[in-house]
Amino acid sequence: MVGHKDDTNWARFITQVFEQAKPYLAVRGDLMHARISHEYAMSLMKQEGGDRKIIEPAIILHDVGWSCLGAREIKTAYGVKAEGLESERLNRIHEKEGAAVARRILEHIHYDPLLIDKIASIIRTHDSGEDIRSLEEAVVKDADKLWRFSETGFSKEIERQGITAIELYRHLAEHHETWFCTQSAFEIAARELEKRKRQSSRKV
Ligand SMILES: [Fe+2]
Ligand SMILES: [Fe+2]
């Protein structure tokens, strides 16, 4: 089993999780999303707490399930313009398949089975779950959503979804007050949103 008692072992383990996740994340171009959301998860943990043994692998692996869908299905399932039953169905597939792929990756590197269960359970509903069952789940969901407020995430989502900076800014401004589980994430989002406002007005 991979040790987590000291930071060197832990850093090595995290590198290994990223390495294992890379081919799956590459399908939708999500490696940068995983890296930036992982950074947000680290910041949130400093302020909110939570178990890094669950949070870090879960946020790195949360989107590996997109690898099980085709390019057209991904476009239907995701983004500002995604809506309707088909979009819902495909989005649930990325959660369900993501939990299964994450489980396989973590079993392959001999991670603790009890932790794998908790991580898979968070990934299984990371987009859809409304009942927050743990602090770890709250941090993972918030770190995932914060990506789109970051400078890199904002630009990447405009390109990926084929929308304008103003459209994305308006979408974030409209939803950011209800999206987050933790106060820390809400505050980060509000700060970043101000910067994206300036970024999007420069592009008009
Ligand atoms: Fe996702
Ligand atoms: Fe995500």
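In what follows, residues are counted from 1 in the order of the sequence shown. Whatever order the structure lists ligands and atoms in, that order sets their numbers, starting from 1. Note: hydrogens, waters and symmetry copies are ignored here, and every other heavy atom, side chains too, is used.
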Colleague: What protein atoms of element N, O or S are positioned under 2.8 Å from the Fe ion (ligand 2)?
Modeller: H33 NE2, H62 NE2, D63 OD2, D144 OD1
Colleague: Does H94 have its ring centroid less than 6.0 Å away from the ring centroid of H126?
Modeller: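 Judged by ring-centre distance (under 6.0 Å), H94 and H126 do meet the cut-off.
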Colleague: Looking at Y40, F154, W147, which hits ring-ring contact (aromatic ring centres under 6.0 Å, His included) with H33?
Modeller: W147
Colleague: Going by the angle between their ring planes, with limits at 30° and 60°, are H176 and F186 parallel, tilted or perpendicular?
Modeller: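 Rings of H176 and F186: parallel, under 30°.
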Colleague: Does E86 come within less than 4.0 Å of R89, counting only side-chain N to carboxylate O?
Modeller: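 Yes, charged N to carboxylate O under 4.0 Å.
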Colleague: Over 60° means perpendicular and under 30° means parallel, so tell me whether W10 and F13 are parallel, tilted or perpendicular.
Modeller: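 Aromatic pair W10/F13 classed tilted.
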Colleague: With the Fe ion (ligand 1) as the reference point, give the N/O/S atom of H94 that is nearest.
Modeller: NE2
Colleague: Quick check on side chain to side chain contact (heavy atoms under 4.5 Å, CB included): which of R160, E167, E159 does I163 satisfy it with?
Modeller: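 The option that passes is E167.
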